[in-house]
Amino acid sequence: MATFSFAWLSVPAEEAARRLLGCELVRKLNGRTIRVRIVETEAYDQADEASHTFRGKTKRNSTMFGSAGHLYVYFTYGMHYCCNVVCGKEGQGAGVLIRAVEPLEGIDIIEQNRGLSGKNATNGPGKVCQALGIDRTQDGHDLSQPPIMLIKKSLRKDEKVVTAKRIGISKAVHELRRFYIADNPYVSKR
DNA sequence: GACAAGATTTGCT
DNA sequence: GCAAATCTTGTCG
């Protein structure tokens with residue numbers, strides 16, 4: 001389907017990061033369904049010194065140079081996966097890191113995958129991937145197709161987006177490119 | 001062909 | 001609060 005289902009993601013990374021807040025991610029795993037809500041994101045684009053795409057296209061980040069609505073998964077620190085939603089226009093090299101989610105359905109599966117329960121199971125980039133069973137074989141996946149789908153949702157009226165400094169990186173840390181839903185208990189703290 | 005660093009998490013001092 | 005665990009990719013010689 002060469003539709004523009006993800007036209008709403010074909011915008012600058014910062015805008016896409018805001019729009020992704022509150023959206024749901026549906027993951028089919030072993031015949032079960034896991035449904036979560038995105039509560040924290042972080043924007044990356046090619047002009048960002050801390051981005052993988054800063055020095056141009058490589059074999060690893062080629063997914064981020066694809067079209068919006070795809071999944072970019074990378075492996076880091078020898079033990080963790082992080083997942084991003086590609087955004088912007090094709091060839092732009094922009095994406096949004098999913099930093100934290102709120103479990104809505106299939107919580108028992110999440111707890112089983114993580115070996116933990118409560119908010120500690122999904123309040124971090126590496127945790128989200130482990131909880132949803134995402135690894136680098138999902139890199140480049142089309143988020144309009146199973147087993148992982150992205151569903152656009154709006155925030156509730158009483159919820160507001162907070163813009164904050166980035167964390168966990170060593171370059172351009174002062175940039176205000178991290179977004180999260182105010183007062184949501186599943187947001188990573190630090 | 002070899003070396004250094006990394007969008008993190010967890011456990012111990 | 002700090003340091004280790006662990007391996008892939010990118011950069012440099």
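The chains referred to below are lettered A, B, ... by the order of the sequence lines, with proteins before strands, and numbering in each begins at 1.
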Can you name the one residue among A:Val85, A:Thr63, A:Leu97 that meets side chain to side chain contact (heavy atoms under 4.5 Å, CB included) with A:Tyr72?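 By the side chain to side chain contact (heavy atoms under 4.5 Å, CB included) criterion, A:Tyr72 pairs with just one of A:Val85, A:Thr63, A:Leu97: A:Thr63.
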Test side chain to side chain contact (heavy atoms under 4.5 Å, CB included) on A:Leu9 and A:Val96; report intermediate values, then the result. CA-CA 10 Å; A:Leu9 283 177; A:Val96 176; over 6 Å; no
What is the distance, rounded to the nearest whole Å, between atom [atom1] of [X] and atom [atom2] of [N]?
| X | N | atom1 | atom2 | value |
| --- | --- | --- | --- | --- |
| A:Met79 | B:dG11 | CE | C1' | 11 Å |
| A:Asp139 | C:dT8 | CG | C1' | 13 Å |
| A:Tyr81 | B:dT9 | OH | P | 15 Å |
| A:His52 | B:dG6 | NE2 | P | 10 Å |
| A:Lys165 | B:dA7 | NZ | C1' | 18 Å |
| A:Phe179 | B:dA7 | CZ | P | 18 Å |

Quick one: is [N] close enough that its OP1 or OP2 comes under 4.0 Å of any side-chain N or O from [X]?
| X | N | result |
| --- | --- | --- |
| A:Lys127 | B:dT10 | yes |
| A:His80 | C:dT6 | no |
| A:Ser170 | B:dG6 | yes |

Under the salt bridge (Lys or Arg N to Asp or Glu O under 4.0 Å) definition, can you give me all pairs with a residue in residues 113-127 of chain A, not counting sequence neighbours?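 For residues 113-127 of chain A: none.
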Given that A:Lys171 and A:Asn120 both sit by DNA chain B, which one's nearest nucleotide is further toward the 5' end?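 Closest to the 5' end, via its nearest nucleotide, is A:Lys171.
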Starting at the 5' end of DNA chain B and moving along, which residue's nearest nucleotide shows up first, A:Gln130 or A:Tyr72?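 Nearest-nucleotide comparison on DNA chain B picks A:Tyr72.
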Pairing string, 5' to 3', for DNA chain B - Watson-Crick or wobble contacts under 3.5 Å, brackets [ ] where pairs cross, | to another strand: ||||||.|||||.
Heavy atoms under 4.0 Å, any strand shown: does [X] hit a base, just sugar-phosphate, or nothing?
| X | value |
| --- | --- |
| A:Leu97 | base |
| A:Arg99 | sugar-phosphate |
| A:Arg114 | sugar-phosphate |

Verify the cluster assignment for A:Phe54 and A:Met64: are they in a single hydrophobic cluster under the rule of side-chain heavy atoms below 4.5 Å apart?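 Different clusters: A:Phe54 never reaches A:Met64 through Ile, Leu, Val, Met, Phe, Trp or Tyr contacts under 4.5 Å.
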Please give me the minimum heavy-atom distance between [X] and [Y], naming the atom from each residue.
| X | Y | result |
| --- | --- | --- |
| A:Arg60 | A:Phe75 | NH2-O, 3.9 Å |
| A:Phe179 | A:Ala17 | CD1-CB, 3.5 Å |
| A:Tyr186 | A:Pro103 | CE2-CD, 3.6 Å |

Nearest to the side chain of A:Ile169, heavy atoms from C-beta on, is which of B:dG6, B:dT9, B:dA7?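 Given the options B:dG6, B:dT9, B:dA7, the side chain of A:Ile169 is closest to B:dA7.
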How about A:Gln112: does its CD atom have over 12 heavy atoms from other parts shown lying under 6.0 Å from it?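 12 or below, so no.
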Name the pairs: protein N/O against N/O of nucleotides 9-11 of chain C, kept only if under 3.5 Å.
| residue | atom | partner | partner atom | Å |
| --- | --- | --- | --- | --- |
| C:dG10 | OP1 | A:Thr58 | OG1 | 2.1 |
| C:dG10 | OP1 | A:Arg60 | N | 3.4 |

Looking at SG of A:Cys129 and NE2 of A:His80, how far apart are the two atoms once the value is rounded to the nearest 0.5 Å?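 Those atoms lie 10.5 Å apart.
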Is A:Glu159 salt-bridged to A:Arg37, cutoff N-O under 4.0 Å?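 So A:Glu159 pairs with A:Arg37 through a salt bridge.
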Could you check whether the side chain of A:Tyr74 and the base of B:dA7 have a donor-acceptor pair of N or O atoms closer than 3.5 Å, going by distance alone?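 Pair found.
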